[in-house]
Amino acid sequence: MTPWKAYDESQEDDARKLEIWPLDEYNVKLLNEVHPRDYVQSTPAPHEVYDLIAIGAGAGGLVSSKQTARRGGKSAMISAHLAGGDCLNVGCVPSKALLRAMKAIREVKRSAEFGINLGGSEPTIDFSTIMKRLREKRSVISPADGHTGTTSVGTHVFQGRGRFTGRNTIEVNGVTLNFRKAVVATGGRPTIPNYPGLKDAPYTTNELLFNLEELPPRMLVLGSGVIALEMAQSFASFGSSVTVIQRSDRLFKSKFGDEEAAELLQKLLGEDGVNFLSKTTVKQVETLRDRSLDTLPLMKVTLDVDGEERDLECECLLVATGRASNVEDLGLEAAGVEYKLGKGVTINDYAQSVGNEDVYAVGDCAAGVPRLTHMSGEMAKQVVQNALFGDSWKLSDYVVPAVMYTEPEYATVGIASLDQAVSEGVEVDVYRGGLEHNDRAILESDNHGFVKVICEKGTDKILGATIVASRAGEIINEVTLAMKHGIGLGGIGRNIHAYPTTGEALMGAGLQFINSRWKRLD
């Protein structure tokens, strides 16, 4: 095989087809791990029958195929694009690298408060260094998902398009593989709304954003979900003029998110330079200048802002309006697997596909499950346990947290708001622990936020929570653990929490429940 080589002009077109550039030393290291050139298969002699074959090389495919091999089974993984999937290449990993740069910039800008004198001048932001660091850190992580690491545990790797040709057969690169069990782990992709002119415009999504080499002066973000808000806050901190376009009148409304959290996060992101246009729809996108190798594109977006027409121009139009499952061109019909375009493979509570009990689906390509990397990984473990070891793990037993890594972070689990409880017809009590009096948050000059725990009415049974705090992603795990193992909010309140920690706000919510039932000496 010919390895990828840094700055090799003869390889640049191939790298761009994979949507990874520039072809520097870090992206070369990444590509040599997750999509080696001229790679076909790791073995000249495939097994006669595999215990498990995974189509897809993201979290679901990697975990299911590697765990099968580690536990003595014969497994294969088929990778059509980039091993590591969205998470490593265009999702969790690169976005968190940008968020770390954003947080560093915020700290520098407030350094005078802590007695650090920068001479009164504003810090300069070197966007190219920010992106270089992203590529470097991603390349450091890549061996964990690369082909060499996967084959080292005994899994056979095939690089190409895998398609079912029967109920227990898959073809890849002209080779037919037989399996006892198979996993569809093909992930998802961004959905592109049908706005006039958008599909012909040089817009970007998370699949291209992390290739930027020049900071766009103006960025419009279509959507107000996790990707949209994380990147809006990041690029605003880097110096872009950022505007978020949202159809509703507040954040998280379509998913019944907590209203106080929505108002607080919009306020704090606004203070960081993010502009919001609510009750806004796109009427048309016009391309004024196309994208080239050394020039950012230019677009004009015509908007309806609460009944008023407005034109905005931008060099970066980030589309983050939702995701669709990758279920096309997999031969699912030949395997008897039921699916719905956009929604995913129809599965039962054991992650088995409807129509073929030997075929399972995990992660973003499975219908009706949270589209989160940690969900994909956990479903993959479930499949191995159920398919190969006769267990009966159920999706309905899962308690799945979700985190948006803005500053502050926004974390939820279960029934996360009063609005959601009302929509589901559940009577609840809400207990709140604020950060305004949390000693650690005060000392960090970061006491904006709260913990809200939703309990079944009249009891301390936890149904869900919303947390807004710098460490919300860490704190939510305690709530998730309690929900999973039946520990009530009173138990959390009685658990001794280290002082001073932001997590004491959760204990405070627990103490509210306990105090509401105190006996008194009258």
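We number each residue from 1, following the sequence as shown.
Within 6.0 Å of CD on Glu427 lie no more than 12 heavy atoms contributed by other residues, nucleotides or ligands. In the displayed structure, Tyr398 atom OH is contacted under 6.0 Å by more than 12 heavy atoms of other residues, nucleotides or ligands. Enclosure of atom CZ in Arg189 by more than 12 non-hydrogen atoms of other residues, nucleotides or ligands within 6.0 angstrom is indicated. Other residues, nucleotides and ligands place no more than 12 heavy atoms under 6.0 Å from the NZ atom of Lys340. For Arg494, the CZ atom counts as loosely surrounded, since its 6.0 Å shell holds 12 or fewer non-hydrogen atoms of other residues, nucleotides or ligands. Summarising the local packing, NZ of Lys132 is surrounded by 12 or fewer heavy atoms from other residues, nucleotides or ligands at distances under 6.0 Å.
Side-chain N or O atoms of Asp349 include none that pairs as donor or acceptor with a backbone N or O of Lys394 at under 3.5 Å. For Glu19 (side chain) and Leu208 (main-chain N/O), no donor-acceptor pair under 3.5 Å exists by modelled atom type. Counting only distance, with no hydrogens or angles, the side chain of Thr155 and the backbone of Ser75 share no donor-acceptor pair below 3.5 Å. Side-chain N or O atoms of Arg135 include none that pairs as donor or acceptor with a backbone N or O of Tyr26 at under 3.5 Å. With Thr68 contributing its side chain and Gly73 its backbone, the two residues share no donor-acceptor pair below 3.5 Å. With hydrogens and angles ignored, the 3.5 Å screen pairs a side-chain donor or acceptor of Glu504 with a backbone N or O of Thr501. Under the 3.5 Å distance criterion, the side-chain polar atoms of Ser516 are left unmatched by any main-chain donor or acceptor of Ile514. Here the side chain of Thr150 pairs a donor or acceptor atom with the backbone of Gly146 at under 3.5 angstrom. Counting only distance, with no hydrogens or angles, the side chain of Asn386 and the backbone of Ser392 share a donor-acceptor pair below 3.5 Å. Judged purely by atom type and a 3.5 angstrom limit, Asp446 has no side-chain atom pairing as donor or acceptor with the backbone of Ala441.
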One pair to check against salt bridge (Lys or Arg N to Asp or Glu O under 4.0 Å): Arg250 and Asp419. What are the steps and the verdict?
CA-CA 13 Å; Arg250 70 167 177 87; Asp419 285 348; 3.3 Å; yes
Show, in sequence, the C-alpha distance, side-chain angles and deciding distance for Glu136 and Lys29, and conclude whether the salt bridge (Lys or Arg N to Asp or Glu O under 4.0 Å) test is met.
CA-CA 9 Å; Glu136 189 266 331; Lys29 180 179 178 181; over 6 Å; no
If you apply the rule salt bridge (Lys or Arg N to Asp or Glu O under 4.0 Å), what do you find for Asp51 with Arg71, and how did you get there?
CA-CA 11 Å; Asp51 294 302; Arg71 299 178 70 175; over 6 Å; no
From CA spacing to verdict: side chain to side chain contact (heavy atoms under 4.5 Å, CB included), Lys137, Val93
CA-CA 8 Å; Lys137 297 303 180 185; Val93 169; over 6 Å; no
Test side chain to side chain contact (heavy atoms under 4.5 Å, CB included) applied to Tyr339 and Leu341, step by step
CA-CA 7 Å; Tyr339 68 95; Leu341 290 176; 3.9 Å; yes
For Gln233 and Arg106, what are the C-alpha separation, side-chain angles and deciding distance, and is it a side chain to side chain contact (heavy atoms under 4.5 Å, CB included)?
CA-CA 11 Å; Gln233 189 178 29; Arg106 295 176 85 249; 4.3 Å; yes
Is there a side chain to side chain contact (heavy atoms under 4.5 Å, CB included) between Leu229 and Phe252? Walk through the geometry before answering.
CA-CA 11 Å; Leu229 296 183; Phe252 318 136; 4.0 Å; yes
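Proximity of Val428 to Leu418: side-chain heavy atoms (C-beta onward) are separated by under 4.5 Å at one or more points. Inter-residue side-chain proximity for Arg138 and Val34 is flagged as unmet; no heavy-atom pair is nearer than 4.5 Å. With a 4.5 Å cut-off on side-chain heavy atoms, Glu33 and Ser139 do not count as touching. Counting heavy atoms from C-beta outward, Val63 and Val383 have side chains that stay 4.5 Å or more apart. Between Phe210 and Ser95, some side-chain heavy-atom pair lies under the 4.5 Å cut-off. Counting heavy atoms from C-beta on, the side chains of Tyr360 and Gln382 never come closer than 4.5 Å. Counting heavy atoms from C-beta on, the side chains of Pro408 and Leu265 come closer than 4.5 Å. At least one side-chain heavy atom of Leu88 sits under 4.5 Å from a side-chain heavy atom of Ser142.
Separation of atoms CD1 (Ile347) and CG (Leu395) is listed at 5.0 Å; rounding is to 0.5 Å. Residue Leu18 holds its CG atom at 6.5 Å from CG of Leu31, rounded to the nearest 0.5 Å. In this structure, OH on Tyr405 lies 13.0 Å from CE on Met102, to the nearest 0.5 angstrom. Rounded to the nearest 0.5 angstrom, Leu317 CG and Tyr195 OH are separated by 10.5 Å. Here the straight-line distance linking atom CG of Leu62 with atom CG of Asp145 works out to 5.0 Å at 0.5 Å rounding. In this structure, CD on Glu207 lies 10.0 Å from CD1 on Ile20, to the nearest 0.5 angstrom.
Taking each heavy atom of Asn326 and Cys365 in turn, the nearest pair found is O-CB, 4.0 Å. The nearest pair of heavy atoms linking Gly503 to His497 is O-CD2, 3.8 Å. In this structure, Ser376 and Gly363 approach most closely via the heavy-atom pair OG-CA, 3.1 Å. Between Lys96 and Cys92 the shortest heavy-atom distance is CG-O, 2.8 Å. Considering every non-hydrogen atom in both Tyr203 and Leu198, the closest pair reads CD2-O, 3.2 Å. Annotation for Asp364 and Ser325: closest pair O-OG, 2.6 Å, computed over non-hydrogen atoms.
Using a cutoff of 4.0 Å between basic side-chain nitrogens and carboxylate oxygens, Arg432 and Asp258 are not scored as salt-bridged. Between Glu259 and Lys452 there is no salt bridge, since no side-chain nitrogen of the basic residue lies less than 4.0 Å from a carboxylate oxygen of the acidic one.
With hydrogens and angles left out, the side-chain atoms of Arg247 and Ser224 include no donor and acceptor closer than 3.5 Å.
For the pairing with Ser470, the side chain to side chain donor-acceptor pair (under 3.5 Å) check across Glu409, His448, Glu407 returns one residue only, Glu407.
The side-chain contact (heavy atoms from CB on, under 4.5 Å) check on Ser79 picks up Ala57, Ala83, His147, with sequence neighbours excluded.
Between Phe235 and Phe127, the ring planes are tilted. Angles from 30° to 60° get that label.
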